[in-house]
Amino acid sequence: MVFNQQKLEAELLKQGQNAYLPFRFHIFESVASTNKTLWELLAREPGSEYVVIAAEQTGGRGQWGRSWVSQQGGLYLSFGFAPQLDINSGYQLTLATAWGIAEQLRKYGVDIEIKWPNDLVLDGLKLGGILTETKVRAGKITQAIIGVGINWKNPVPSTGINLHSWNRKNQTKISCLEHLAAGVLLGIDSGIQCLEREGVNILLSRYIKL
């Protein structure tokens with residue numbers, strides 16, 4: 001499955017969000033891990049804001065070091081930025097991302113809920129997950145990578161669900177993988193903005209509702 005970067009940029013522009021277009025998109029057919037690939041890019045050029053997307057991961061990772069099966073057909077995306085958070089606040093990035101993505105996809109007609117702390121759930125089944133990794137300097141988180149995996153057309157276990165199959169039975173606004181990726185990026189952005197502008201207490205109140 002080939003991911004179309006131009007289509008992604010068109011989806012972002014369609015929603016009036018062109019802030020992402022200057023970011024450095026890197027699209028791959030296959031990588032071991034989008035988070036690992038992004039760390040390698042940042043090692044060569046620290047401070048740059050990258051988005052890495054792959055059609056599959058051969059060594060995808062989840063929380064607590066678990067493997068994340070990442071066959072073709074799913075969305076595997078990592079976003080890197082510099083949050084400047086206190087060292088003890090890294091967990092807030094995961095909560096912000098989970099809420100932001102869930103809230104954004106609900107606008108498209110997908111009734112996503114959150115399972116603490118980082119799972120995205122649909123009809124009681126796992127739709128996706130989030131893995132946040134950080135680097136610290138002088139007591140501050142100076143670099144963060146948010147990795148997101150969401151089932152689109154890929155095979156899933158009995159405990160999982162893919163969005164394309166669910167989409168056929170329900171009327172949603174998500175038409176393609178690029179549209180889903182745009183929604184995820186917008187969701188990450190809105191979650192981080194909520195955390196930075198309104199604080200963790202407001203974020204938590206919204207998170208808990210989902």
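Counting begins at 1 with the first residue of the sequence.
Side chain of Arg106 to backbone of Ile112: a donor-acceptor contact under 3.5 angstrom is found. Judged by distance alone, the side chain of Asn151 and the main-chain N or O of Ile161 form a donor-acceptor pair under 3.5 Å. Between the Tyr91 side chain and the Pro117 main chain, no donor and acceptor come within less than 3.5 Å of each other. Side chain of Glu178 to backbone of Asn4: a donor-acceptor contact under 3.5 angstrom is found.
Looking at Glu11 and Lys14, a side-chain N of the basic residue comes within less than 4.0 Å of a carboxylate O on the acidic one, giving a salt bridge. Ionic pairing of Glu40 and Lys36 is present here: one or more N-O contacts between side-chain nitrogen and carboxylate oxygen are shorter than 4.0 angstrom.
The nearest pair of heavy atoms linking His179 to Ile174 is ND1-CA, 3.8 Å. A pairwise comparison of heavy atoms in Tyr207 and Trp99 identifies N-CD1, 3.8 Å as the closest pair. The heavy-atom pair separating Leu125 from Gly160 by the smallest distance is CD1-O, 3.7 Å.
Between the side chains of Gln143 and Trp39, no donor-acceptor pair of N or O atoms lies under 3.5 Å. A donor-acceptor pair shorter than 3.5 Å can be found between the side chains of Glu133 and Asn35. Side chains of Gln72 and Glu29: a donor-acceptor N/O pair is present below 3.5 angstrom, by distance only. Residues Asn162 and Trp152 have side chains that never bring a donor and an acceptor to within less than 3.5 angstrom of each other.
Other residues, nucleotides and ligands contribute at most 12 non-hydrogen atoms within 6.0 Å of the CD atom of Glu113.
Within the 4.5 Å cutoff, no side-chain heavy atoms of Asn170 are placed close to those of Asp111.
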